[in-house]
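Keep in mind that what you see is a predicted model, and the values were worked out from it rather than measured. Position 1 is the first residue of the sequence, and the numbers go up from there.
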Amino acid sequence: MTWQFTLSGLLIGALVGLTGMGGGSLLTPILVIFFGFEPTLAVGTDVLHGAVFKSFGAVRHRRLGTVHARLTFWMFLGSGPMSLLGVAVATWLKNHYGGAESIEAYAVGTALVFGGAGLVAKTFIQRGVQASDAPFLLERRDRLIAFAIGATCGFVVGLTSVGSGTFFGLIMVLVFPLTLPKIVGTDIFHAAALLWVAGFGHLAAGNVDLRTMAWLLTGSIPGVLITSQFTLKVPERALRLGLASVLMLSGVKLIDFPGADWAIAGGALVAGLSFAVWGLVARLGRRPRPETAT
């Protein structure tokens, strides 16, 4: 089962290359639901794969000057150590509550639901985005907030692999006065650094399938390099909401509470109808109005 991993990696790489969205959150539920991985092994493989994968984007944004280095440093000061605590908790859960129905599965499922909701919020909330690229000098309050954000979200990333892009990006939009390119660049650069720390933590704990990760990279790296060159107009908002729906339904599947199958079916139906109505309204809105006779 190798080409399936390559195809999954290609899917994630293409998604990130076309839209800039963090498709990494999608990898953990794919490995658990479709390939039968134990949740902790899926999380560790996802995290280390994301570290390699996002490093390409991090280098590119650093060269473009779209990374706020001091903000990245203060977030990483909290997220790096706390991600290792998340790895330790995930490993402890694996050793004491292993199996497909483990507490780790519930933790990942809950994080996916919140991650999907965060992605919806991130799609529509733009109030903190600045129009000008004026220098943003961190004050003591800003440094403390950045450290607290890093510590909280870093623990979640180490435990579940979810949120390295969604949570940090959303909070930066709400809290810090940055332009959109600076938010994206800082988010990706910090995520790469954080995932390297958490990834090596999972590797040391034996939570990474290196063979699977290698096959995923053979698809994801070419996917992001090729599709990032496309200049086609992609309905980014629709794709973000589609990904958010998939993440939340995957989270419900992993939590597997009574009636989860009905909730998944209902959610899929609502999402499908919503996108159909949205597409119809958009199409009608693009129709040229008939000229009136004079």
Tightest non-hydrogen contact, residues G199 and V47, listed as N-CG1, 3.3 Å

Applying side-chain hydrogen bond (donor to acceptor under 3.5 Å, both in side chains) to T66 and not counting sequence neighbours gives H61

Checklist entry - How about V59 and F189: do any of their side-chain heavy atoms sit closer than 4.5 Å? => result no

* Asked: Are any non-hydrogen side-chain atoms of M172 and M75 less than 4.5 angstrom apart?
  -> yes

request  = Indicate yes or no: at least one non-hydrogen side-chain atom of T160 is less than 4.5 angstrom from one of T110.
outcome  = no

- request: Check whether any side-chain N or O of H202 sits under 3.5 Å from a backbone N or O of G158 as a donor-acceptor pair, and report yes or no.
  value: yes

Residues V162 and V156: closest non-hydrogen pair is O-CG1, 3.7 Å

Between A42 and V32 the two heavy atoms that sit nearest each other are CB-CG2, 3.6 Å

Nearest heavy-atom contact between A69 and R62 is CB-NH1, 3.9 Å

**Item:** Stepwise side-chain contact (heavy atoms from CB on, under 4.5 Å) check, N207 with T91
**Value:** CA-CA 8 Å; N207 300 333; T91 304; 3.0 Å; yes

Applying side-chain hydrogen bond (donor to acceptor under 3.5 Å, both in side chains) to H49 and not counting sequence neighbours gives S220

- Item | Same apolar cluster: V67 and F147, side chain cutoff 4.5 Å | no

OG of S55 to CD1 of I188, rounded to nearest 0.5 Å, is 11.0 Å

Query - Test item: S83 and L194 side chains (from C-beta on) under 4.5 Å apart, heavy atoms - result: yes

Side chains of L84 and V197: closer than 4.5 Å at any heavy-atom pair?
yes

The reported gap from CG in L216 to OG1 in T6 (rounded to nearest 0.5 angstrom) is 7.5 Å

field: F37 side chain reached by T212 side chain, heavy atoms, under 4.5 Å
entry: yes

Note: F56 and V52 closest approach over all heavy atoms is CD1-O, 3.3 Å

CG of L27 to CD1 of I12, rounded to nearest 0.5 Å, is 4.0 Å

Taking V87 as the starting point, is it possible to reach L31 by hopping between hydrophobic residues whose side chains are less than 4.5 Å apart? no

ask   = Any side-chain donor-acceptor pair under 3.5 Å between S161 and T28?
value = yes

So OG of S8 and CZ of F34: to nearest 0.5 Å the spacing works out to 9.0 Å

Rounding to 0.5 Å, atoms OG1 (T45) and CZ (R211) come to a distance of 12.5 Å

Rounded to the nearest 0.5 Å, the NZ atom of K54 sits from the NE2 atom of H190 at a distance of 10.5 Å

**Prompt:** Do L195 and L77 share a hydrophobic cluster, counting only Ile, Leu, Val, Met, Phe, Trp and Tyr and linking them when any side-chain heavy atoms are less than 4.5 Å apart?
**Reply:** yes

In terms of heavy-atom contacts, K182 and G65 come closest through CE-O, 3.3 Å

| Taking the side chain as C-beta and beyond, is there a heavy-atom pair between L144 and R141 under 4.5 Å? | no

Quick note, ring pair (Phe, Tyr, Trp, His ring centres under 6.0 Å) partners involving residues 69-94, not counting sequence neighbours, are W92-H96, W92-Y97

### Query
Do F35 and D209 come within less than 4.5 Å of each other through their side chains, counting heavy atoms only?
no

